[in-house]
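Along the sequence shown, residues carry numbers from 1.
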Amino acid sequence: TVGENCVNQLAAGLYSYMFPTDSKAFELRVDDSQLAENEDVKQWLHKTTDIIHYHLIQSNFRQAFFENLKSLVLFGTSCFYSEEGISQVLDFTNFHMASIYVDVNSKWNVDTVFRRIKYNARQAVQEFGKDNLGEKILAAYKDPKKQGETFSFIHAVYPRKEADGKNIDPLTMDYASKYVYEDEKIIVHEGGYAEFPHQVPRFDRDATEKYGRGPMMKELMDIKMLSDMKVVRIKAWEKMCDPPIVLPDDGSVWPLATQPGGVIHMTPGGEPPFWFEFKGDLNKLNEAIEVTTTDIRNGFFLNLFELPELPHPKMTATEVIRRTEQKMRSLTPIIGRLQSELFNPLVHRIIGILLRREAIPPMPQVLAGQEYRVEYLGPLALAMRTLESQGFVRTMEELKLSFGEVERLEYLDNFDIDEVSRSLSRNNGVPETWLKDEGIRDAERQEAARKQQAMEIFFRFIVRAYSITFTGIPSLRLNCPAMTS
């Protein structure tokens, strides 16, 4: 149960850090700074992000994603399948790794998946039609007694060499899709995908490894040892609560009544039986079990999801936050691989499906041919980006300590305060649409400066007029700063 609990807890922790339930998991962004400030682009990216999240929540994504994370923790590799749904726009499936075989491209990214499926005769006819199936399946379909007999199929998805790049005709799409009846080796269905439908993340892997390694694979020996230790502890408890009886060859009448309230009969002059004394050190065994359990939990990174230990009771909230963020950064390699191998291609796939369903508004012309990226907003992603924010805050604190409270903070002239404020907002997860367009901001500043200048000119005119009329009133001149300018 320790192993199963650790799998569930790590999967739940990764889920909450990557796909929070109370906020957005990601935003779509563009790297081009000018495009990023274009109001039409900002609105399209923001609206598209909202639409993607809406359809993810309406679909079975959450259940399939959690199953996928458990598979990833267990086997080190998982297979997440995304397709256009029937009753809903998006449909997701987590395939068990026992039926999955993968291949990689020259960059060691998975681009080919073979999946073994078993259908009975009736299911095969429903899926592929009578005209496409072999004689053996059709014979079983016609015989009511054999309709439950299962047959093995292979679903192969791989890059198509003859793809035309238009992704209109299924037979010329970027990725080929072929179903093969394994016994008779015939193709029962052929189609295609515009995007790779399988996302195959790997928890951890070494160079030249196609499949990943998960915490369960690394902690399996300790889990087995812990199980053996618990068996020994149960035996020790039994020996303490119901110890063996020591008695001589003669002296007692069998069978011995060892149940509660039982009466043990003795022969006259015989030695009475006595309980065998257990002398094992149960405390040492409990300590060994506790240490092994802690090692297993740490091997599943569960210590990173726990609140940091306080070295002293007067620890400030800032110190607690920093310690928590330090622990979260230890998950960076894991989350980074999940983002690049699962979420990035998944978002690309989802956008393709939604565009074909016309569920996303038309893309602005200025974005045509431009690359977009996924910026993650989960707690871990935000913790990573707060490194920049913390660096600026610490710099300000040190400058304040060095120079003290001065009337004008001249050292701020070294910083682009506008860029700092916008970057701090993004690092803290502020939506892009909450930030004003830089052109609008600059225009508003110019208008405010123009109004301020006009107001100063107006007051100078009023003061000058009063100074001409009331030249004999010194107090008026002294109380009007504009008169001295």
Ring center gap for Tyr141 and Phe151 short of 6.0 angstrom:
no

Reported CG-to-OG1 distance for the pair Leu226 and Thr293, which is rounded to 0.5 angstrom:
4.5 Å

What pair of heavy atoms forms the shortest contact from Ala140 to Glu149, and how long is it?
CB-OE1, 4.3 Å

For atom CD1 of Ile86, is the number of surrounding heavy atoms from other residues, nucleotides or ligands below 6.0 Å larger than 12?
no

Flag, side chain of Asp169 to backbone of Thr172, donor-acceptor distance under 3.5 Å:
no

Heavy-atom check, side chain of Arg115 versus side chain of Phe153, under 4.5 Å
no

Are the side chains of Val89 and Gln58 in touch, meaning some heavy atoms are under 4.5 Å apart?
no

For the side chain of Asn60 and the backbone of Phe92, is there at least one donor-acceptor N/O pair under 3.5 Å apart?
yes

When you check the side-chain N and O atoms of Asn286 and Arg233, is any donor under 3.5 Å from an acceptor?
yes

Taking atom CG of Leu338 and atom CG of Asn344, what is their separation to the nearest 0.5 Å?
10.5 Å

Can you name the closest pair of heavy atoms from Thr112 and Pro159 and give their distance?
OG1-CD, 3.6 Å

Without swapping roles, check the side chain of Asn298 against the backbone of Phe301 for a donor-acceptor pair under 3.5 Å.
no

Does any N or O in the side chain of Trp44 come within less than 3.5 Å of the main-chain N or O of Pro362, such that one atom is a donor and the other an acceptor?
yes

Any side-chain heavy-atom pair from Thr208 and Trp108 closer than 4.5 angstrom?
yes

Check whether any side-chain N or O of Thr77 sits under 3.5 Å from a backbone N or O of Gly212 as a donor-acceptor pair, and report yes or no.
yes

Sub-4.5 Å side-chain heavy-atom contact between Glu341 and Val200:
no

With rounding to the nearest 0.5 angstrom, report the CZ to CD1 distance, Arg356 to Ile168.
11.0 Å

Show me the donor-acceptor pairs, under 3.5 Å and distance only, between side chains in residues 180-187 and residues at least two apart or in other chains.
{"unit_1": "Tyr181", "atom_1": "OH", "unit_2": "Asp183", "atom_2": "OD2", "d": "3.4"}
{"unit_1": "Glu182", "atom_1": "OE1", "unit_2": "Arg116", "atom_2": "NE", "d": "3.2"}
{"unit_1": "Glu182", "atom_1": "OE1", "unit_2": "Ser152", "atom_2": "OG", "d": "2.5"}
{"unit_1": "Glu182", "atom_1": "OE2", "unit_2": "Arg116", "atom_2": "NH2", "d": "2.8"}
{"unit_1": "Glu184", "atom_1": "OE2", "unit_2": "Lys136", "atom_2": "N", "d": "3.3"}

Is there a donor-acceptor pair under 3.5 Å between the side chain of Thr292 and the backbone N or O of Ala288?
yes

Taking C-beta and beyond as the side chain, do Tyr193 and Asp174 meet within less than 4.5 Å on heavy atoms?
no

Using 4.0 Å as the upper bound for N to carboxylate O, is an ion pair formed by Arg373 and Glu375?
yes

Using a 6.0 Å cut-off, check whether atom CD of Glu4 has over 12 heavy atoms from anything other than its own residue.
no

Are Tyr81 and Phe95 an aromatic pair, judged by ring center distance below 6.0 Å?
yes

Is any side-chain heavy atom of Gln199 closer than 4.5 Å to one of Phe343?
no

Given Leu56 and Phe65, is the side-chain contact (heavy atoms from CB on, under 4.5 Å) satisfied, shown in steps?
CA-CA 11 Å; Leu56 284 175; Phe65 180 49; over 6 Å; no

Atom pairs and distances, donor-acceptor, side-chain atoms in residues 120-135, under 3.5 Å, two or more places apart:
{"unit_1": "Asn120", "atom_1": "OD1", "unit_2": "Arg122", "atom_2": "N", "d": "3.2"}
{"unit_1": "Asn120", "atom_1": "OD1", "unit_2": "Gln123", "atom_2": "N", "d": "2.8"}
{"unit_1": "Gln123", "atom_1": "OE1", "unit_2": "Asn120", "atom_2": "N", "d": "3.0"}
{"unit_1": "Asn132", "atom_1": "ND2", "unit_2": "Phe128", "atom_2": "O", "d": "2.7"}

Distance alone, cut at 3.5 Å: any donor-acceptor contact between the side chains of Gln43 and Glu39?
yes

Shortest non-hydrogen contact from Gln88 toward Ser59
OE1-CA, 3.7 Å

Mind checking the NE2-CG spacing from His46 to Asp50? Nearest 0.5 Å is all I need.
4.0 Å

Show your working on side-chain contact (heavy atoms from CB on, under 4.5 Å) between Phe196 and His198 and close with a plain yes or no.
CA-CA 6 Å; Phe196 192 51; His198 297 282; 3.9 Å; yes

Heavy-atom pair with the smallest gap, counting every atom of Ala359 and Ile51
O-CD1, 3.4 Å

CD1 on Ile154 to NZ on Lys178, rounded to 0.5 Å:
14.5 Å

Worked check of side-chain contact (heavy atoms from CB on, under 4.5 Å) between Val110 and Arg202:
CA-CA 10 Å; Val110 176; Arg202 292 159 290 187; 4.0 Å; yes

Give a yes or no on whether a salt bridge exists between Arg450 and Glu447, defined as a side-chain N under 4.0 angstrom from a carboxylate O.
yes

Can you find a heavy atom in the side chain of Asn68 that is under 4.5 Å from one in the side chain of Pro201?
yes

From CA spacing to verdict: side-chain contact (heavy atoms from CB on, under 4.5 Å), Met18, Ile335
CA-CA 8 Å; Met18 294 189 66; Ile335 301 296; 3.8 Å; yes

What is the minimum heavy-atom distance between Glu219 and Ile296, and which atoms define it?
OE1-CA, 3.8 Å

Do the side chain of Thr49 and the main chain of Leu28 share a donor and acceptor less than 3.5 angstrom apart?
yes

Are any side-chain N or O atoms of Thr48 and backbone N or O atoms of Leu45, one a donor and one an acceptor, separated by less than 3.5 Å?
no

Do the rings of Phe80 and Phe61 sit parallel, tilted or perpendicular, given the 30° and 60° boundaries?
perpendicular

Within a radius of less than 6.0 Å around NZ of Lys47, do more than 12 heavy atoms belonging to other residues, nucleotides or ligands occur?
no

Residue pair Arg213 / Lys218, side-chain heavy-atom distance below 4.5 Å:
yes

Treating Tyr158 as the side-chain partner and Phe114 as the backbone partner, does any N or O pair qualify as donor plus acceptor under 3.5 Å?
no

Between Asp103 and Lys210, what is the shortest heavy-atom contact and its length?
OD1-NZ, 3.2 Å

Between CG of Leu354 and OH of Tyr54, what distance do you get to the nearest 0.5 Å?
11.5 Å

Backbone of Ser82 reached by a side-chain donor or acceptor of Arg349 within 3.5 Å:
yes

